[in-house]
K.L.:
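What follows is a structure written as structure tokens; I'll ask about it next.
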Amino acid sequence: MLIAYEEFTRRTDAVRARIAAACARAGRDPRDVELLAVTKTHPAGAADYAARYGLRAVGENRVQEAVEKRPQLAPASAALRWELIGHLQSNKSRLAARHFDRVQSVDSEKLLLHLDRAAAELGRTLPVLLQINAGDDPAKFGADLADAPRLVEAALAKKNLRVDGLMTIAPLGTTPAETAAHAERTFANLRTLRDELASRFATPLRELSMGMTGDLEPAVAAGSTLVRVGTALFGSRSGGRSEPA
Ligand SMILES: *Cc1c(COP(=O)(O)O)cnc(C)c1O
């Protein structure tokens with residue numbers, strides 16, 4: 001069930017206040033941190049809410065779910081951008097390249113190859129982020145830190161892809177303190193990696209997609225430019241913490 005729009009605006013205001021407070025502590029400009037509304041598992045109306053509030057983009061973790069929802073949106077939501085944040089199998093690359101404005105979950109050279117080919121067929125340039133398992137989480141997708149340089153180099157060589165930056169998900173701990181420590185370490189790793197690779201390949205890799213409902217503060221402190229927030233905006237998803245399928 002979708003919450004009422006008034007409730008959504010209250011929640012979104014509160015998340016923006018969290019981002020602003022974290023930016024103030026870090027000496028950052030809140031305009032440099034975008035809020036991506038994660039609408040997965042919620043009805044298409046959740047994306048309409050995001051557009052109506054003035055958010056620029058929504059995140060979905062399954063290709064098929066976005067393909068079904070996107071045509072259901074109100075005409076006023078047409079400018080909303082759709083970003084894929086969940087694991088992508090290479091056999092769904094063409095569908096993803098057609099229906100998403102950006103793919104954040106690119107984690108292998110094989111996927112790069114398929115997405116580049118799909119974008120070429122569509123005659124478009126597809127913006128991507130490279131997903132890095134910066135917290136060494138055995139349960140998470142994403143390229144290993146050690147493989148990241150090769151992946152970035154391969155991505156930059158693809159003519160039909162535009163590499164905007166990096167994305168990561170921090171591992172959960174067994175206690176809140178451990179989860180917080182994982183988040184700090186993971187986000188610091190991604191930031192350091194980005195700075196190194198940006199310099200090595202002489203390209204900005206501007207976007208650092210990191211931080212969710214539970215860990216957006218440490219992410220902003222470490223330099224996040226894009227926080228992906230679902231639960232704090234729309235309430236909990238039935239089925240709990242949902243992982244890409
Ligand atoms: C679901 C999801 C989110 C949002 O998580 P919340 O804890 O609900 O804010 C962010 N990023 C990814 C990759 C996700 O799958």
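Counting starts at 1 for both ligands and their atoms, following the listed order.
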K.L.:
Tell me whether the count of non-hydrogen atoms from other residues, nucleotides or ligands lying under 6.0 Å of CZ in R98 goes above 12.
P.N.:
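Count not over threshold, so no.
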K.L.:
Above 12 or not: heavy atoms from other molecules or residues under 6.0 Å from CZ of R56?
P.N.:
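Enclosed: over 12 neighbouring heavy atoms sit under 6.0 Å from CZ of R56.
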K.L.:
May I ask you to list the atoms of ligand 1 that are less than 4.0 angstrom from any heavy atom of V229?
P.N.:
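Those qualifying, in numeric order: 9 (O).
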K.L.:
For T231, take its heavy atoms, then give the atoms of ligand 1 lying under 4.0 Å from any of them.
P.N.:
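Counting atoms of ligand 1 from 1, those under 4.0 Å from T231 are 6 (P), 7 (O), 8 (O), 9 (O).
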K.L.:
Report, as yes or no, whether the 6.0 Å neighbourhood of atom CZ on R11 holds more than 12 heavy atoms from other residues, nucleotides or ligands.
P.N.:
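Enclosed: over 12 neighbouring heavy atoms sit under 6.0 Å from CZ of R11.
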K.L.:
Out of T213, L36, L216, V15, whose heavy atom is nearest to atom 6 (P) of ligand 1?
P.N.:
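The residue whose heavy atom sits nearest atom 6 (P) of ligand 1 is T213.
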K.L.:
Charged N to carboxylate O under 4.0 angstrom, E60 versus K69?
P.N.:
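The answer is yes: the pair qualifies as a salt bridge.
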K.L.:
Counting from 1, what ligand 1 atoms have a heavy atom of I169 closer than 4.0 Å?
P.N.:
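Matching atoms, with element in brackets: 13 (C).
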K.L.:
Fit a plane to each ring of Y49 and F8, take the angle between them on a 0 to 90° scale, and name the class: parallel (under 30°), tilted (30 to 60°) or perpendicular (over 60°).
P.N.:
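Y49 and F8: tilted rings.
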K.L.:
Quick check on contacts: which atoms of ligand 1 are under 4.0 angstrom from a heavy atom of R228?
P.N.:
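In order of numbering, the contacting atoms are 4 (C), 9 (O), 10 (C), 11 (N), 12 (C), 13 (C).
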K.L.:
Is it the case that over 12 heavy atoms from other parts of the model lie below 6.0 angstrom from the CZ atom of R124?
P.N.:
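For R124, atom CZ is crowded (more than 12 foreign heavy atoms under 6.0 Å).
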K.L.:
Where does Q104 meet ligand 1, judged by heavy-atom distances below 4.0 Å: at the side chain, the backbone, both, or neither?
P.N.:
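None of Q104 does.
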K.L.:
Decide, yes or no, whether a salt bridge links R150 with E109 under the criterion of side-chain N to carboxylate O below 4.0 Å.
P.N.:
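A salt bridge links R150 with E109.
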K.L.:
For ligand 1 and G230, I'd like to know whether there is a polar contact (N/O to N/O, distance under 3.5 Å).
P.N.:
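Yes.
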K.L.:
Who's closest to atom 2 (C) of ligand 1 heavy-atom-wise, of Q131, K40, M212?
P.N.:
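Checking each option, the heavy atom nearest atom 2 (C) of ligand 1 is found in K40.
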K.L.:
Does N61 reach ligand 1 with a nitrogen or oxygen that is under 3.5 Å from one of the ligand's nitrogen or oxygen atoms?
P.N.:
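No; every N/O pair is 3.5 Å or more apart.
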